[in-house]
Structure formats: C-alpha cells, structure tokens
J.: 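Starting off with a structure, shown below.
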Amino acid sequence: MKILMVFDFDHTVVDENCDIWVIKCLPKQTLPDSVESTYRRGQWTEYMGRVMAYIGDQGVTPDRVRSVMETIPFTPGMPELLTFISENKSMVDCIIVSDANTMFIEWVLQGAGLWKAVDQVYSNPASINESGYMELQHHHLHECAKCPVNMCKKKVLETYLSEKADGGEVYGRVFYVGDGGNDLCPAFCLSAGDVVMPRQGYTLDKRLTRLRDQEGNCSVSAKVIPWSSATDILQELKDSLQSE
C-alpha cells in the first residue's frame with residue numbers, strides 16, 4: 001500500500017510565511033498602517049485580500065509578485081525530500097493542506113521545479129481578475145470551532161481519505177507534517193499506525209507536548225516524531241518504505 005505525505009506550507013515546506021514574503025514586491029517592502037490595522041483575529045484571508053488589493057493599487061504586476069514569491073527559501077532539506085517523493089510516485093502520494101493560497105503555492109513549487117511531487121493542493125483559491133489584481137476566497141465552509149473560519153484541515157484530510165477509500169485506495173501509513181496551531185486538528189483524525197511530525201520548537205510541537213503532559217488528557221493516536229529539517233522527514237519516509 002502507498003504512503004500519503006501531507007504537508008502544511010508556510011514554515012513547513014518553505015521557511016517563511018508566503019503571505020508576509022509577498023510584501024517584498026512593494027517598492028518600500030512595507031505596508032501602510034491603513035492596511036495593517038485592518039486585520040481582525042480569525043479573518044486572515046479577508047485581510048490578505050486587502051493586502052493584495054493594495055499591492056495592485058501600487059502598480060505591481062502579477063508577474064512581479066510571482067518573481068518575488070519564487071525567491072522564498074525552502075526549509076533545509078525540503079527540495080531533496082520533494083525530489084525523492086517525485087521520483088517515487090508509485091509508492092508515495094503527496095498533498096498540501098495550507099491556509100496560504102493556491103496561486104502562491106503553485107508559483108513557488110513550479111519556480112523550484114518541484115511541482116510534480118504534489119498530487120493535490122488544498123488551500124484558499126486565488127485568481128487574477130480582469131484588472132490584474134489577485135482575489136482570494138475561503139477554501140470551504142465548516143463547523144469546527146477550533147479552526148479558522150476559512151479552513152478546517154481535519155475536514156480536508158478526512159474528506160480526502162474518504163474519497164480515496166471510495167476509489168479503492170487505502171494508505172498503509174499517513175505522515176502529517178506541519179508547524180502551526182491549525183495543524184493540531186487534523187492530527188486527531190490520524191490512526192495509531194500513522195505519524196504526525198511537528199516542526200521542533202514551533203506551535204504544533206508545543207501543543208502536542210502539552211497534550212502529552214496533561215494527565216488524563218487523550219492525546220493523538222498517531223506516533224509523534226518532531227523534525228528540525230526535512231532530512232529528518234526524508235529518513236522517516238525511507239524507513240517506512242523499507243518496512244512496507
């Protein structure tokens with residue numbers, strides 16, 4: 001049976017937040033307070049819509065935005081990991097579940113020649129309108145009180161696994177790789193044979209540690225293996241493939 005690799009994007013595949021990195025396309029590489037002050041907790045996607053509208057108002061073209069996004073650094077070892085996945089598609093499926101947007105993710109991976117490693121991207125839909133401005137939408141509607149209004153990653157993963165199972169594809173093991181608070185929810189739908197890999201020292205790692213240390217609190221069923229570079233992830237993947 002195949003292995004499924006599930007990746008977050010910001011601070012997981014890439015070593016920065018792409019929604020922050022995009023500010024580098026502005027002449028002064030900074031946003032005015034009139035834009036920054038509009039952010040409201042839990043409404044990041046709406047805020048990024050206003051950021052992209054401001055960027056468009058400054059005459060920054062989509063091609064310029066793309067060229068800047070292509071300079072975002074990957075986490076150490078990630079290009080090698082994604083290259084390995086792309087070379088072993090008969091044994092490994094790979095999806096990205098991210099609160100960024102589809103266009104940034106596609107631009108970054110295509111620019112680095114790593115797009116073929118990924119089978120599917122689940123993120124906030126982005127498109128360029130007739131005026132040359134980027135527009136963003138919520139990924140989906142959900143009822144999870146623990147997640148941002150635009151995306152529950154647990155719902156995304158559960159739906160993906162269910163649809164695959166309906167088509168006859170049952171994975172031997174699922175690896176979930178992430179760093180943030182919104183990566184905790186999907187960790188709870190993993191089974192005992194699966195692996196959740198939190199980036200060491202980041203929010204997901206801290207929350208999983210807190211769950212483990214809280215006496216009487218039911219932790220995730222999956223094995224927890226922290227990582228500091230994608231080399232750690234690659235080694236776990238190779239070991240798992242050898243044991244299949």
Side-chain angles (χ1 to χ4, degrees), residues 3-21 39-48 73-78 81 94-101 105 121-124 138-161 171 173-237 240:
I3 287 174
L4 174 65
M5 300 295 297
V6 185
F7 290 96
D8 171 48
F9 194 70
D10 294 324
H11 295 293
T12 298
V13 173
V14 293
D15 211 14
E16 300 283 346
N17 184 322
C18 60
D19 285 344
I20 303 299
W21 192 263
Y39 171 66
R40 298 293 179 269
R41 183 177 176 84
Q43 298 180 13
W44 182 261
T45 305
E46 289 83 354
Y47 169 70
M48 280 307 299
F74 285 85
T75 52
M78 188 57 67
L81 170 57
C94 175
I95 64 173
I96 289 176
V97 185
S98 166
D99 203 8
N101 69 72
I105 294 170
V121 171
Y122 297 92
S123 189
N124 300 302
H138 284 188
H139 175 70
H140 63 188
L141 297 173
H142 65 85
E143 298 177 353
C144 178
K146 298 178 182 179
C147 291
V149 294
N150 57 294
M151 173 180 276
C152 170
K153 293 186 176 184
K154 180 180 178 182
K155 180 179 179 180
V156 172
L157 183 54
E158 286 179 333
T159 300
Y160 177 86
L161 292 173
Y171 292 105
R173 177 168 291 172
V174 177
F175 283 83
Y176 188 96
V177 185
D179 74 286
N182 63 354
D183 293 310
L184 180 60
C185 195
F188 283 100
C189 75
L190 300 177
S191 69
D194 298 329
V195 181
V196 56
M197 300 194 70
R199 190 171 185 183
Q200 202 161 26
Y202 284 68
T203 302
L204 178 60
D205 184 28
K206 293 175 182 177
R207 291 193 179 181
L208 287 168
T209 299
R210 196 178 308 132
L211 279 174
R212 182 193 64 202
D213 294 343
Q214 286 175 347
E215 191 172 347
N217 195 314
C218 181
S219 189
V220 297
S221 299
K223 185 177 182 180
V224 177
I225 304 177
W227 62 280
S228 58
S229 82
T231 303
D232 303 329
I233 306 168
L234 178 57
Q235 188 59 55
E236 291 295 334
L237 174 58
S240 187

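As the structure is a computational prediction, the values presented were derived from the model and not from experiment. Positions are given from 1, in the same order as the sequence printed here.
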J.: Minimum heavy-atom separation for A222 to L190, with atom names?
T.: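 The answer is CB-CB, 3.7 Å.
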J.: Within the side chain of S123, is there an N or O that forms a donor-acceptor pair under 3.5 Å with the backbone of A100?
T.: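 Yes, S123 side chain to A100 backbone: donor-acceptor pair under 3.5 Å.
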J.: Would you say the side-chain atoms of T231 pair up with the backbone N or O of G77, donor to acceptor, closer than 3.5 Å?
T.: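 The answer is no, because no donor-acceptor pair under 3.5 Å joins these two groups.
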J.: How many angstroms lie between CD1 in I105 and CG in N101, if you round to the nearest 0.5 Å?
T.: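 The CD1 atom of I105 sits 6.5 Å away from the CG atom of N101.
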J.: Examine distances only and state if a side-chain atom of T209 and a backbone atom of D205 form a donor-acceptor pair shorter than 3.5 Å.
T.: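 Present.
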J.: Side chains of V97 and L157, heavy atoms from C-beta outward: is any pair under 4.5 Å?
T.: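 No. Closest side-chain heavy atoms not under 4.5 Å.
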J.: Between CG of D179 and CZ of F9, what distance do you get to the nearest 0.5 Å?
T.: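 Reported to 0.5 Å precision, the distance equals 12.0 Å.
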J.: Does a side-chain heavy-atom distance below 4.5 Å link M197 with Y176?
T.: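 M197 does not reach Y176 side chain to side chain.
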J.: In terms of relative ring orientation, are Y202 and H11 parallel, tilted or perpendicular, with 30° and 60° separating the classes?
T.: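 Y202 vs H11 ring planes: tilted.
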J.: M5 vs V177, test: side-chain contact (heavy atoms from CB on, under 4.5 Å). Steps then yes/no.
T.: CA-CA 8 Å; M5 300 295 297; V177 185; 4.3 Å; yes
J.: Would you call K223 and I225 a side-chain contact if the rule is heavy atoms closer than 4.5 Å?
T.: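 K223 reaches I225 side chain to side chain.
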J.: Out of curiosity, Y160 OH to C189 SG, how far, rounded to the nearest 0.5 Å?
T.: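 Here the rounded value is 13.0 Å.
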J.: Can you sort out the partners of S191 under side chain to side chain donor-acceptor pair (under 3.5 Å), two or more places apart, ordered by chain and number?
T.: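 Checked S191 against side chain to side chain donor-acceptor pair (under 3.5 Å); matches are D194.
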J.: By ring-ring contact (aromatic ring centres under 6.0 Å, His included), which residues pair with W227, not counting sequence neighbours?
T.: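 Here no residue qualifies.
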J.: Between S240 and F175, is a side-chain contact (heavy atoms from CB on, under 4.5 Å) present by the stated rule, with each step listed?
T.: CA-CA 10 Å; S240 187; F175 283 83; 3.8 Å; yes
J.: Show your working on side chain to side chain donor-acceptor pair (under 3.5 Å) between D99 and W44 and close with a plain yes or no.
T.: CA-CA 9 Å; D99 203 8; W44 182 261; over 6 Å; no
J.: Roughly how far, to the nearest 0.5 Å, is CG of L234 from CE of M78?
T.: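 The CE atom of M78 sits 10.0 Å away from the CG atom of L234.
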J.: With salt bridge (Lys or Arg N to Asp or Glu O under 4.0 Å) as the rule and sequence neighbours excluded, what pairs involving residues 8-18 come up?
T.: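 Listed by first then second residue: D8-K153, D15-R199.
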